[in-house]
Visitor: 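Sharing a structure with you now.
Because the structure is predicted, anything quoted here is derived from the model rather than measured. So that the names make sense, note that chain A is the first sequence line, chain B the second, and so on, each numbered from 1.
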Amino acid sequence: MCCECLSPSAGRQVVKKPLNAFMLYMKEMRHKVLQEGRERESAAINRILGRRWHALSQSEQSKYYDLAQKERLLHMQLYPGWSARDNYVCTVRPSQCPYTVSV
DNA sequence: ATTCCTTTGAAGGAT
DNA sequence: ATCCTTCAAAGGAAT
């Protein structure tokens, strides 16, 4: 991590990305997968959820796409001018890191 | 104490 | 305009 100011211990207030449709689906369904089996690792859970996501009908998926759209709109209202780049660690263009100033 | 793993999708950057 | 990378969630595992 080249951006010290991005580390949680630096105490910088981070506005995160809005959740996409699948992420919202995960948030809602994860606990069910946890109940059904004794699988505990998120990597395994997310693999299962990925399969279930593709098994969903179009109308079932559209519910989450609609929700994700609302989240994006709300995010825009709450944080005008916000950019996803704010939370990027500068692995691509380290020389143009916006967070090189001391914290 | 952090990073990895793993999924889809949005968004940004690079080409 | 199209391709590539990061990161949103999450938590056990790995480092």
Visitor: Whole angstrom is fine here: how far is it from CG in Asn46(A) over to P in dG9(B)?
Guide: 14 Å
Visitor: Find the distance Asp66(A):CG to dG9(B):P and express it as a whole number of Å.
Guide: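 After rounding, the gap between these two atoms is 14 Å.
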Visitor: What's Leu49(A) touching, base or sugar-phosphate or nothing? Going by heavy atoms closer than 4.0 Å.
Guide: nothing
Visitor: Would you say a side-chain N or O of Asn87(A) is under 4.0 Å from OP1 or OP2 of dA8(C)?
Guide: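 Yes, such a contact exists.
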Visitor: Which of these nucleotides, dT6(C), dA9(C), dG9(B), is closest to any side-chain atom of Phe22(A)?
Guide: dG9(B)
Visitor: For the side chain of Arg47(A), starting at C-beta, report the closest nucleotide among dA9(C), dA10(B), dT6(B).
Guide: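 Of all the options, the side chain of Arg47(A) is nearest to dT6(B).
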Visitor: Taking only residues two or more places apart in sequence or in another chain, which ones pass side-chain contact (heavy atoms from CB on, under 4.5 Å) with Leu19(A)?
Guide: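 If we apply the side-chain contact (heavy atoms from CB on, under 4.5 Å) test to Leu19(A), skipping adjacent residues, the hits are Met23(A), Leu24(A), Lys27(A).
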Visitor: DNA chain B: Met23(A) or Pro18(A), which has the more 5' nearest nucleotide?
Guide: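 The 5'-side residue here is Met23(A).
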Visitor: Between dT7(B), dT8(B), dA10(C), which one does the side chain of Met26(A) approach most closely?
Guide: dT7(B)
Visitor: Please classify the nucleic acid contact of Arg72(A) as base, sugar-phosphate, or nothing, using heavy-atom distances under 4.0 Å.
Guide: sugar-phosphate
Visitor: Whole-Å distance between dA9(C) P and Arg52(A) CZ?
Guide: 22 Å
Visitor: From CG of Leu34(A) over to C1' of dA9(C), roughly how many Å is that when rounded to an integer?
Guide: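 It is 12 Å, rounded to the nearest whole Å.
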Visitor: When all nucleic acid strands are considered with a 4.0 Å heavy-atom cut-off, which category describes His54(A): base, sugar-phosphate, or nothing?
Guide: sugar-phosphate
Visitor: How are the rings of Phe22(A) and Trp53(A) set relative to one another: parallel (under 30°), tilted (30 to 60°) or perpendicular (over 60°)?
Guide: perpendicular
Visitor: Start at the 5' end of DNA chain B and walk down; is the nucleotide closest to Ala44(A) or to Tyr65(A) reached first?
Guide: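 Result of the comparison: Ala44(A).
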Visitor: Is a side-chain donor or acceptor of Arg40(A) paired with a backbone partner of Leu34(A) at a separation under 3.5 angstrom?
Guide: yes
Visitor: Atom CD1 of Ile45(A) and atom P of dT6(B): how far apart are they, to the nearest Å?
Guide: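 That distance rounds to 14 Å.
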Visitor: Who else is in the cluster with Leu73(A) when I, L, V, M, F, W and Y are joined by side-chain contacts under 4.5 Å?
Guide: none
Visitor: Would you indicate what Tyr64(A) reaches in the nucleic acid, counting non-hydrogen atoms under 4.0 angstrom: base, sugar-phosphate, or nothing?
Guide: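 Here Tyr64(A) touches no strand at all.
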Visitor: Looking only at the side chain of Tyr88(A) (C-beta and beyond, no hydrogens), which of the listed nucleotides dT8(B), dA10(C), dG12(B) gets closest?
Guide: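 Nearest to the side-chain atoms of Tyr88(A), counting from C-beta on, is dG12(B).
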Visitor: In whole angstrom, give the distance that lies between atom CG of Asn20(A) and atom C1' of dT6(C).
Guide: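 Computing the Asn20(A):CG to dT6(C):C1' distance gives 13 Å.
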Visitor: Working to the nearest 0.5 Å, report the span between CG of Leu49(A) and CZ of Arg30(A).
Guide: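 It comes to 9.0 Å.
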Visitor: Between the protein and nucleotides 12-15 of chain C, which nitrogen or oxygen pairs are less than 3.5 angstrom apart?
Guide:
none

Visitor: Are there over 12 heavy-atom neighbours, none belonging to Glu36(A), within less than 6.0 Å of that residue's CD?
Guide: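 Enclosed.
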Visitor: OP1 or OP2 of dA11(B) less than 4.0 angstrom from a side-chain nitrogen or oxygen of Trp82(A), does that happen here?
Guide: no
Visitor: Counting side-chain heavy atoms from CB outward, which of dC7(C), dA9(C), dT8(B) is closest to Lys16(A)?
Guide: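 Among dC7(C), dA9(C), dT8(B), the one nearest the side chain of Lys16(A) is dA9(C).
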Visitor: Taking the side chain of Arg85(A) as its heavy atoms from C-beta onward, which of dT7(B), dC7(C), dG12(B) lies nearest to it?
Guide: dG12(B)
Visitor: Any idea how Trp82(A) and His75(A) line up, ring-wise: parallel (<30°), tilted (30 to 60°), or perpendicular (>60°)?
Guide: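 It falls in the perpendicular class, over 60°.
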